[in-house]
A.B. asks: 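Below: one structure in structure tokens.
Quick note: numbers below take in every heavy atom, side chains included, and nothing from hydrogens, waters or symmetry partners.
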Amino acid sequence: MDMPTVYDPTAVEKKAYQRWLEHKSFHADPNDNQAAKGPFAIVIPPPNVTGALHMGHALNNTIQDILIRWRNMQGYNSMWMPGTDHAGIATQTVVEKRVLAEEGKRRTDFERDEFVEKIVAWKDEYEKRITNQLQAMGCSCDWDRQRFTMDDVCAKAVREAFFQLFKDGLIYRGKRLVNWDPATRTALADDEVEMQDVDGHFWYMNYPLTEPVDFEGKTLTHVTVATTRPETMLGDTAVAINPKDPRAAVLAGKSVKLPIVERIIPIVADDYVVLPDADSDDAKAQFATGFLKVTPAHDPNDWEIGLRHDLGIINVMAPDGTISNEFGWKDQEENIHEGATFLGMDRYEAREAIVCWFRDHNLLEEVKPYTHTVGHSYRSHVAIEPYLSDQWYVKVTDDRLAGAALRAMKNEQRSNSDGCVWKDGDSFEGQNKDWEGGLKFYPDRYAKTFQTWHENIRDWCISRQLWWGHRIPVWRRPVALETPPDNLAEMVEVLAVWQNEGRVAMQYRGEFVELAKIEKEDLDLTAFFVCVKDPQGEDKKIVKELEHWGLEQDPDVLDTWFSSGLWPLSTMGWPDDNDVLNTWNPSSVLCTAREIITLWVSRMVMFNLYFRDCLPFNDVFIHAMIQDGEGQKMSKSLGNGVDPLDIIHSHGADAMRFTLASMTTQTQDVRMPVDVVCPFTDEAFVPKMTSTKAGHRVMKPLQNCPSDKEKKFATSYGVMSGEVTPSDELPLARNTSSKFDIGRNFANKLWNASRFAMTNLEGAESKDISIEDLAWEDRWILSRLALTAKEVNDQLEEYKFSEPINTLYKFFWNDLCDWYLEIVKPRMRDDDKKHISQKVLAYILDVTLRLFHPFTPFITESIFEQLNALYPDRDIKGLPANAQADNLIDANWPTDMSSLIDAKYDSDMELVQSVVRTIRDIRAHYKVAPREPIMVSIKSTQEQCDILSEQASLISHLTNLSDFSAAMDVSKPDNAAVKVIGQMDIYVHDVVNVEEEKKRLTKQKEEIEKFIANAEKKLSNENFVSRAKPEVVQRERDNLEDLKQQLDSVNKNLTDLG
RNA sequence: GGGCGAUUAGCUCAGUUGGCUAGAGCGCUUCCCUUACAAGGAAGAUGUCGCAGGUUCGAGUCCUGCAUCGCCCACCA
């Protein structure tokens, strides 16, 4: 046996992981007929290749690994699909930054392919790093199946999905306002927009009515609009008023003459407009005039209003944010009048100029200061410009997508909200698909997020103006041709053939093409879209032809979530029909954080239902978000992430997993203060207290972070004064947190308890024994173990993680180590009987290791290996048997032990424990050295005395007694200390100090009296007696009776003291 | 603005359908290097359960309001 006294994770972890890889323990075969319980699968939430993983990922993956290992041991054919996500814009951006920093070049200085190569290099680097991190954590992913959202397999699924949706009319091209960064001239994703509070103004501007209107006896000549963005007025195409506004009756349908450009625009009635109300809490109502200028090309809400009222769309800006009439300002043929003055001005220049113009023309009613939040580019930090452009959409509002997702929800988790458009007609009760009502969220509350999202869903814009991602497989003309190509007729005919063959799908002006009906000469190629099914493979020649005809592939790429949404399909080889897909899709559970319920979970559900007519997973477990010490979300962009490798370095992987599991309660946030920044490197000499047989303290090097106790000790020896020279190769500091001490302490305890067992098993002969041979304490610990195993299993079934780890921890530390191992020590020295306690110990250790394995795989695997080597046959006749296994990861989950649970052992043991604790307490109180034997006698009921007498030697051993007796008629020796526990009087002889004893007893007396008063108050309350549950009342009565007896006893003992 | 959550010991957190004389780990106090473990053992101290009301025989737990903090979604009148 080779077990150092201090557990060293580094030595164990690498070896164990290597062993698992060699044994192919992570690999699952879809045709595995050994797995009796059927398939179990998890697809990993693919981490972005933008950077290394942080503690949030560590938590996420620890949870998944626990589930996979547990189910695998239970006999499921379990498979954990690993992989990474290309994370479109985020990755492109980090690479752009790196290239700018390292080479001083911008993306646009490169060809597209050239730059994408640089991103691929980055991706390779981080994919490798992420894989290393996951392996260091112990993740039992099926690495043979590792995928990347842009690899060939996934790309095929993406193209197939796009083609099908396109063909089915669920993808369309439409206009949308994107988040435009005028400085870098790119569109940004919503999450790349930073909200900043800006001190701005409300400008109140008058727009003259084309003809005066009488209202309540007054003649109105103009309306006043309030805006924070006067410069966009050049693109106004309407003024809106709320239909409930009294003025709407006379004004709606009238028109105004827009100043400067003199455009005649209508006044429309729209609910969106806020009614003015000076007393309102709503800032908008306070500032509102009731009239809203409508600029569909420059404001998302105005865009919506424009759609509702069929308004014109006038874009008055160039991509660089200057006023321009070259990008959709189409009314210039009517003369833009004074608008020309502002052409070429920057948007802020134009703002001032236009305000001046209004002031000069007496049309500026008022200016009020106003603070509001404005989106800014996280890259250039300039204000985002909502900019009109053509984009691709998925029509998720279709019932086949969002409606299906809603129907998939577990019925009891779905609330009946009125706003749900899909509830019309048939109710959810009428289930006709087997996946309906199958999707369940843990904890429940997240079902609501999912439901609300789908009930209010808007079509999903899937195109991104990026270089990094899946190219959109659509060919079209970017710019209209001067004259139609002369071979157009030929093209249309050939396309018709391909369409019939199912190789292409076409849309023209938003409609499906019936080629025969198209007037070929009029075909506008810019509105003609050809989607190719497999452009990289089978349909290469089609692409060639299309390009020959002057069509080009859409330069945009797909939103990252499009490929992520296909993850459970693409990783398993969809669209090819295959065993992997048929075995593990639907997968069993998805583990993720709540922030991506809408972005990711929703899309996976919709896609899997649509493409495969089944759920991607049945359960969704939403775990906590890890925050730093200030309560901020841990994220890469904030730079507050802690690398799991740092924790593994300082505490070990099992310790990290242990702590993470114990933090996983139902709460939605957990804080992880980085309260120790460990200044030590691998070469550093950190003192470690340890003891030798000679009783001297020595210091030895330790690679880990010191505990607080060690630091205290080391400081007192002057070692921590910072004279340590850090190594050049290693980082100066590693972030870690004393939160993980509990895990490390646990690992060390498990290591040493096992070491104790091994010491006693080394060279032991394994004889056959049966349950009848077992001692009382053996039955007790087996009962405890059986109960623990049952609870752990039940808790895991409900996706509880802190509860099972705590249950196990308590069993292991409090029952097994604190009591059982101490009890069993003398038996290990008894040559006649030690083979029994050896075998029981081996059995218990075996089961304990199996139960801990999903949580702390490395250390348990290592100990299991040593246990196998020393003592392979651990079966006891009459006890549930567990199959031998070479590796714990492949071993079976403990067989049901419920038959061993017996509350009598527990209650008897509790009695023994209370006696032992009391004796120790008195010993400590009277400062009797632990080595000095003492005498104890106990007066109690016959029943209790019988139990105690049976365990006399055990009690004596645990408290170092020279003599012990328990009987009904024991009287108190004169100089004995006494403690009353329930019906027992415990006398510890020859230690008494009368004054001290009086103090102790008086204190106890006061306590009891307090409780009695409490109980009596309750019981004298008529209402309590009559209304509380009878068993509660009875319990209170029994309790009072006990207390009174105790009080009598205490009083008597006090009197005896004189 | 809409939604979700948190507030319990000095710190980080448990506390399941109301029955609580409110728990754990760390830290703190006292003693102990006893041959598994000082990353340990034995014993001990520590709480107006954010505030204010309400329901109830009974509230840390349920309801209402308030305060503070956090997250998600939406939003440049």
Side-chain angles (χ1 to χ4, degrees), chain A residues 3 5-7 195 198 200 202 225-229 273-274 282-284 287-289 291-293 299-301 370 372-375 383-384 386 445-446 448-449 452-453 456 594-595 597-598 625 627 631-633 662-663 665-673 675 688-693 695-697 704 706-710 713 737-739 741-742 744-749 751-760 800 802-803 806 809-810 817-818 821-822 825 917 920-921 923-925 927 929-931 1007 1010-1011 1014-1015 1018 1021-1029 1032 1035-1036 1039:
Chain A
M3 293 183 80
T5 57
V6 175
Y7 173 58
M195 287 304 171
V198 171
F202 253 119
V225 298
T227 181
T228 56
R229 299 205 55 197
V273 181
V274 176
D282 182 3
K284 270 185 191 168
F287 284 91
T289 62
F291 297 98
L292 175 68
K293 65 188 270 308
D299 182 289
N301 296 304
Y370 181 63
H372 57 147
T373 52
V374 177
I384 290 297
R445 62 176 180 271
Y446 295 111
K448 198 173 169 185
T449 309
T452 312
W453 166 259
N456 301 296
R594 69 183 177 284
E595 58 182 344
I597 290 173
T598 54
M625 200 105 81
Q627 302 175 337
Q632 282 212 300
K633 182 176 107 181
S662 65
M663 291 192 319
T665 59
Q666 303 270 8
T667 181
Q668 64 177 18
D669 304 305
V670 290
R671 286 191 185 198
M672 205 205 68
D675 49 14
K688 161 84 180 68
M689 285 184 292
T690 188
S691 54
T692 65
K693 280 187 178 164
H696 298 300
R697 252 190 244 271
N704 300 338
S707 69
D708 287 348
K709 203 177 256 185
E710 282 167 348
F713 170 80
S737 167
S738 59
K739 275 206 129 172
D741 288 355
I742 179 176
R744 181 186 56 181
N745 295 356
F746 161 75
N748 195 51
K749 187 80 171 174
W751 185 257
N752 277 290
S754 303
R755 214 163 71 87
F756 168 80
M758 303 298 182
T759 314
N760 284 289
K800 304 266 176 71
S802 76
E803 290 180 29
N806 287 336
Y809 179 85
K810 278 181 196 153
C817 293
D818 288 351
L821 294 187
E822 292 308 318
K825 276 176 184 172
R917 285 203 187 96
R920 285 172 176 168
D921 182 16
R923 222 186 228 288
H925 200 88
K927 304 219 187 307
R931 294 193 161 196
E1007 263 174 20
K1010 203 177 84 195
F1011 295 146
N1014 229 318
K1018 260 191 191 173
N1021 181 342
E1022 275 300 315
N1023 285 321
F1024 174 71
V1025 178
S1026 59
R1027 298 198 193 186
K1029 280 177 263 174
V1032 173
R1035 206 187 309 150
E1036 204 56 48
N1039 180 33

A.B. asks: Under 4.0 Å between any heavy atoms, over every strand shown, what does A/T759 touch: base, sugar-phosphate, or nothing? Just pick one.
C.D. replies: nothing
A.B. asks: Is any side-chain heavy atom of A/T228 less than 4.5 Å from a side-chain heavy atom of A/F202?
C.D. replies: yes
A.B. asks: Regarding A/N1039, tell me which of base, sugar-phosphate or nothing describes its non-hydrogen contacts under 4.0 Å with the strands shown.
C.D. replies: base
A.B. asks: So, for A/S662 and A/T665, which heavy atoms are closest and what is the spacing to 0.1 Å?
C.D. replies: O-CG2, 4.4 Å
A.B. asks: May I ask which nucleotide in the shown strands pairs with B/A59, Watson-Crick or G-U wobble, both distances under 3.5 Å?
C.D. replies: none
A.B. asks: What's the closest nucleotide to the A/R744 side chain, out of B/U21, B/A39, B/G19?
C.D. replies: B/A39
A.B. asks: Does A/K1018 put a side-chain nitrogen or oxygen below 4.0 Å from OP1 or OP2 of B/U21?
C.D. replies: yes
A.B. asks: Choose from B/C37, B/A42, B/C76 the nucleotide whose nearest atom is closest to any side-chain atom of A/D299.
C.D. replies: B/C76
A.B. asks: The side chain of A/V273 lies closest to which of these nucleotides: B/A77, B/G19, B/G44?
C.D. replies: B/A77
A.B. asks: What does A/L292 touch in the nucleic acid at a heavy-atom separation under 4.0 angstrom: a base, only the sugar-phosphate, or nothing?
C.D. replies: base
A.B. asks: Across the strands shown, which category fits A/A1028 at heavy-atom distances under 4.0 angstrom: base, sugar-phosphate, nothing?
C.D. replies: base
A.B. asks: Is a side-chain donor or acceptor of A/N1039 paired with a backbone partner of A/R1035 at a separation under 3.5 angstrom?
C.D. replies: no
A.B. asks: Which of these nucleotides, B/G3, B/U21, B/A77, is closest to any side-chain atom of A/K448?
C.D. replies: B/G3
A.B. asks: Write down the distance between CG (A/D818) and P (B/G41), rounded to a whole number of angstrom.
C.D. replies: 6 Å
A.B. asks: Considering every strand and a 4.0 Å limit on heavy-atom distances, what is the contact class for A/V1025: base, sugar-phosphate, or nothing?
C.D. replies: nothing
A.B. asks: Considering every strand and a 4.0 Å limit on heavy-atom distances, what is the contact class for A/K1010: base, sugar-phosphate, or nothing?
C.D. replies: nothing
A.B. asks: On a whole-Å scale, what distance lies between the C1' atoms belonging to B/G3 and B/G40?
C.D. replies: 49 Å
A.B. asks: Determine: side-chain N/O of A/N752 to OP1/OP2 of B/G40, distance under 4.0 Å, yes or no.
C.D. replies: no
A.B. asks: Let me know, please, whether A/E1007 or A/Y446 comes out on the 5' side of the other along RNA chain B by nearest nucleotide.
C.D. replies: A/Y446
A.B. asks: Side chains of A/I597 and A/W453: closer than 4.5 Å at any heavy-atom pair?
C.D. replies: no
A.B. asks: Given B/A36, is OP1 or OP2 found less than 4.0 Å from the side-chain N or O atoms of A/N760?
C.D. replies: no
A.B. asks: Taking only the C1' atom of each, what is the distance from B/A14 to B/C20 in whole angstrom?
C.D. replies: 15 Å
A.B. asks: For B/C11, does either OP1 or OP2 sit under 4.0 Å from a side-chain N or O belonging to A/K739?
C.D. replies: no
A.B. asks: Could you please name the partner base of B/G18, counting Watson-Crick and G-U wobble pairs only when both distances are under 3.5 Å?
C.D. replies: none
A.B. asks: With a cut-off of under 6.0 Å to the ring centre and 45° to the axis, is A/K825 in cation-pi contact with A/F756?
C.D. replies: yes
A.B. asks: Classify A/R923 by what it touches in the nucleic acid, base, sugar-phosphate, or nothing, heavy-atom distance under 4.0 Å.
C.D. replies: nothing
A.B. asks: Write down the distance separating the C1' atoms in B/C31 and B/U8, rounded off to the nearest Å.
C.D. replies: 31 Å
A.B. asks: Would you say the side chain of A/F1024 lies within less than 4.5 Å of the side chain of A/V1032, judging by non-hydrogen atoms?
C.D. replies: yes
A.B. asks: Measure CZ/A/R445 against P/B/G5 and give the value in whole Å, please.
C.D. replies: 6 Å
A.B. asks: So which nucleotide does B/C33 pair with, by the Watson-Crick or G-U wobble rule with both distances under 3.5 Å?
C.D. replies: none
A.B. asks: Which whole-number value in Å describes the distance from A/R594 CZ to B/C72 P?
C.D. replies: 7 Å
A.B. asks: Rounded to the nearest 0.5 Å, how far apart are OG of A/S754 and CE of A/M3?
C.D. replies: 5.0 Å
A.B. asks: Classify A/K825 by what it touches in the nucleic acid, base, sugar-phosphate, or nothing, heavy-atom distance under 4.0 Å.
C.D. replies: base
A.B. asks: With rounding to whole Å, what would you report as the distance between B/U48 and B/A22 at their P atoms?
C.D. replies: 13 Å
A.B. asks: To the nearest Å, how far apart are A/H925 NE2 and B/A42 C1'?
C.D. replies: 15 Å
A.B. asks: What distance, rounded to whole Å, do you find between the two P atoms, one in B/G60 and one in B/C51?
C.D. replies: 11 Å
A.B. asks: Considering Watson-Crick and G-U wobble pairs with both distances under 3.5 Å, what does B/C71 pair with?
C.D. replies: B/G3
A.B. asks: NA contact type, A/P300, heavy-atom cut-off 4.0 Å: base, sugar-phosphate, or nothing?
C.D. replies: sugar-phosphate
A.B. asks: What distance, rounded to whole Å, do you find between the two P atoms, one in B/G70 and one in B/C13?
C.D. replies: 14 Å
A.B. asks: Hunt down the Watson-Crick or G-U wobble partner of B/G27, both distances under 3.5 Å, from any strand shown, or write none.
C.D. replies: none
A.B. asks: B/G25 P sits how many Å from A/K749 NZ, rounded?
C.D. replies: 12 Å
A.B. asks: What heavy-atom pair brings A/Y809 and A/I742 nearest, and what distance separates the two atoms?
C.D. replies: OH-CG1, 4.4 Å
A.B. asks: Between B/A43 and B/C11, how far apart are the two P atoms, rounded to whole Å?
C.D. replies: 27 Å
A.B. asks: Which one, B/C76, B/G19, B/A43, comes nearest to the side chain of A/R229?
C.D. replies: B/C76
A.B. asks: What is the separation between atom CD on A/E822 and atom C1' on B/C32, rounded to the nearest whole Å?
C.D. replies: 14 Å
A.B. asks: Can you tell me the base-pairing partner of B/U48? Count Watson-Crick or G-U wobble geometry only, both distances below 3.5 Å, and say none if there is no partner.
C.D. replies: none
A.B. asks: For B/A42 and B/G54, measure between their C1' atoms and round to the nearest Å.
C.D. replies: 48 Å
A.B. asks: Quick one: which of B/A42, B/C26, B/C71 gets closest to the side chain of A/M625?
C.D. replies: B/C71
A.B. asks: Measure CZ/A/F756 against P/B/G41 and give the value in whole Å, please.
C.D. replies: 14 Å
A.B. asks: Send over the distance from A/L821 CG to B/G40 C1', rounded to a whole Å.
C.D. replies: 13 Å
A.B. asks: Taking only side-chain nitrogens and oxygens of A/T665, does any of them come within less than 4.0 Å of OP1 or OP2 of B/A14?
C.D. replies: yes
A.B. asks: Look through every strand shown and name the nucleotide pairing with B/A39 as Watson-Crick or G-U wobble, where both distances are under 3.5 Å.
C.D. replies: none
A.B. asks: Just to confirm, is there a sub-4.0 Å distance from OP1 or OP2 of B/C37 to any side-chain nitrogen or oxygen of A/R755?
C.D. replies: yes
